[in-house]
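Only a predicted model underlies this, so the values are computations on that prediction, with no experimental measurement involved.
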Amino acid sequence: LVAVAAGMTGVDWPEEAGLLQGALSRTLGVDAEKIHVVNDCIIALRAATSTPKACVLCAGTGLNCAVRDGRGGEFVFGFYIPDEDQGGMALAERVLRAVFDAESGMGEATSLTQRCLAVTHCDTVYDLLRRKVERGLTKPEQNQLPIIAGEEALRGDAVSARILTRFGRDEAAYAAAAIRRMGLEEDPVDVVLSGSVFKCK
């Protein structure tokens, strides 16, 4: 190995790049100065476009957004993004909230209810609520909820469609903010979508 370029999760604070650079140097036997470490959403951006002015939304389990201005400037949102917008985790929470709201009378009936009960092997919404509060859902169960929302929206469920529409607008707001922050509103900017949420139907 002559040099290493690594896009890695966990590069959210400036000092973390140096820590990972050192760990890679020790593991791979490459001089630290020949290793360049960036946040993993940067490699998704670079893999999808060579345009110097570009923005990426990475919506997998969580969410990240990054932008490059073509003049060497770069911004990565990282911990600026609150839990309620964190990719598939946040979308799963919105699906569960809709089911709980439908049950309590706070929201309208939705086909998400039966789908969520089937995925979690719960008999009633009350059982699902107790389980979520007391033990939480498993990762595979949580991962199914965004997929269910997409499928039910396509089947005509109005609640699912609203969840996805609002979620899409909330996620897109980060790309818009990143572009404004770098003063690129009047420039052509590639926007890259990466991550498992964008693979839903």
Side-chain angles (χ1 to χ4, degrees), residues 1 3-97 136-143 145-146 164 166-185 187 189-200:
L1 292 175
V4 176
M8 303 180 73
T9 185
V11 185
D12 294 301
W13 306 114
E15 65 273 15
E16 289 173 330
L19 291 171
L20 289 167
Q21 186 180 20
L24 285 171
S25 176
R26 290 187 298 277
T27 302
L28 301 175
V30 177
D31 291 338
E33 64 270 12
K34 294 181 180 178
I35 298 175
H36 183 67
V37 177
V38 297
N39 183 279
D40 55 346
C41 72
I42 297 298
I43 59 170
L45 177 61
R46 183 61 186 88
T49 180
S50 58
T51 303
K53 298 176 183 179
C55 179
V56 61
L57 272 173
C58 290
T61 302
L63 175 74
N64 208 346
C65 178
V67 62
R68 285 184 158 171
D69 66 5
R71 301 180 297 273
E74 181 180 284
F75 180 72
V76 180
F77 270 87
F79 289 116
Y80 284 105
I81 300 174
D83 289 348
E84 59 264 25
D85 292 332
Q86 283 292 340
M89 289 188 305
L91 191 48
E93 285 297 319
R94 294 181 192 205
V95 168
L96 290 173
R97 183 77 263 151
L137 302 184
T138 67
K139 188 67 103 174
E141 289 169 341
Q142 287 178 323
N143 290 346
L145 300 183
L164 291 175
R166 289 173 185 159
F167 183 77
R169 287 178 180 155
D170 291 346
E171 305 296 273
Y174 290 97
I179 289 167
R180 283 194 308 271
R181 188 180 192 282
M182 301 303 261
L184 300 174
E185 302 98 310
D187 298 348
V189 178
D190 279 2
V191 177
V192 174
L193 305 180
S194 176
S196 56
V197 167
F198 296 116
K199 296 175 185 174
C200 292

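Annotation for Val192 and Ala48: closest pair CG1-CB, 3.4 Å, computed over non-hydrogen atoms. Closest non-hydrogen pair, Leu145 versus Val95, comes out as O-CG2, 3.8 Å. For Ala54 against Thr49, the heavy-atom pair with the smallest separation is CB-CG2, 3.8 Å. Residues Val191 and Ile179 approach most closely at CG2-CD1, 4.2 Å, considering heavy atoms. Closest heavy-atom contact between Phe167 and Gly87: CZ-O, 3.4 Å. Heavy-atom minimum distance, Cys41 versus Cys58: CB-SG, 3.2 Å.
Here Arg46 pairs with Ser50 under the side chain to side chain contact (heavy atoms under 4.5 Å, CB included) rule; sequence neighbours left out. For Arg180, the side-chain hydrogen bond (donor to acceptor under 3.5 Å, both in side chains) criterion is met by no residue, not counting sequence neighbours. Legend: residues meeting ring pair (Phe, Tyr, Trp, His ring centres under 6.0 Å) with Phe75, ordered by chain and number and at least two apart, are Phe77, Tyr80. Judged as a salt bridge (charged side-chain N to carboxylate O under 4.0 Å, His left out), and not counting sequence neighbours, Glu171 has no contacts. The side chain to side chain contact (heavy atoms under 4.5 Å, CB included) test applied to Leu19 returns no partner, not counting sequence neighbours. By the salt bridge (charged side-chain N to carboxylate O under 4.0 Å, His left out) test, Arg71 is found to be paired with Asp69, residues two or more places apart in sequence or in another chain being considered. In this structure Thr61 satisfies the side chain to side chain contact (heavy atoms under 4.5 Å, CB included) test together with Met89, Lys139, sequence neighbours excluded. Ala32 meets the side chain to side chain contact (heavy atoms under 4.5 Å, CB included) test with Gln21, Ser25; sequence neighbours excluded.
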query = Stepwise, does the side chain to side chain contact (heavy atoms under 4.5 Å, CB included) test hold for Leu57 with Leu63?
reply = CA-CA 7 Å; Leu57 272 173; Leu63 175 74; 4.0 Å; yes

query = Step by step, would you call Leu24 with Met8 a side chain to side chain contact (heavy atoms under 4.5 Å, CB included)?
reply = CA-CA 11 Å; Leu24 285 171; Met8 303 180 73; 3.7 Å; yes

Derivation of the side chain to side chain contact (heavy atoms under 4.5 Å, CB included) call for Val11 and Val38 = CA-CA 6 Å; Val11 185; Val38 297; 5.9 Å; no

request  = Mind running side chain to side chain contact (heavy atoms under 4.5 Å, CB included) on Ile81 and Asn64 for me, showing each step along the way?
outcome  = CA-CA 7 Å; Ile81 300 174; Asn64 208 346; 4.3 Å; yes

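The distance from the CG atom of Leu164 to the CG atom of Leu91 is 6.0 Å, given to the nearest 0.5 Å.
Applying the salt bridge (charged side-chain N to carboxylate O under 4.0 Å, His left out) rule to pairs touching residues 27-43 yields nothing, sequence neighbours excluded. Within the structure, the salt bridge (charged side-chain N to carboxylate O under 4.0 Å, His left out) test picks out the following pairs touching residues 53-64 (sequence neighbours left out): Lys53-Asp187. For the ring-ring contact (aromatic ring centres under 6.0 Å, His included) condition, no pair includes a residue of residues 24-67, sequence neighbours left out. Pairs of residues two or more places apart, or lying in two chains, that qualify as salt bridge (charged side-chain N to carboxylate O under 4.0 Å, His left out) and include a residue from residues 74-87 are Arg68-Glu74, Asp85-Arg94.
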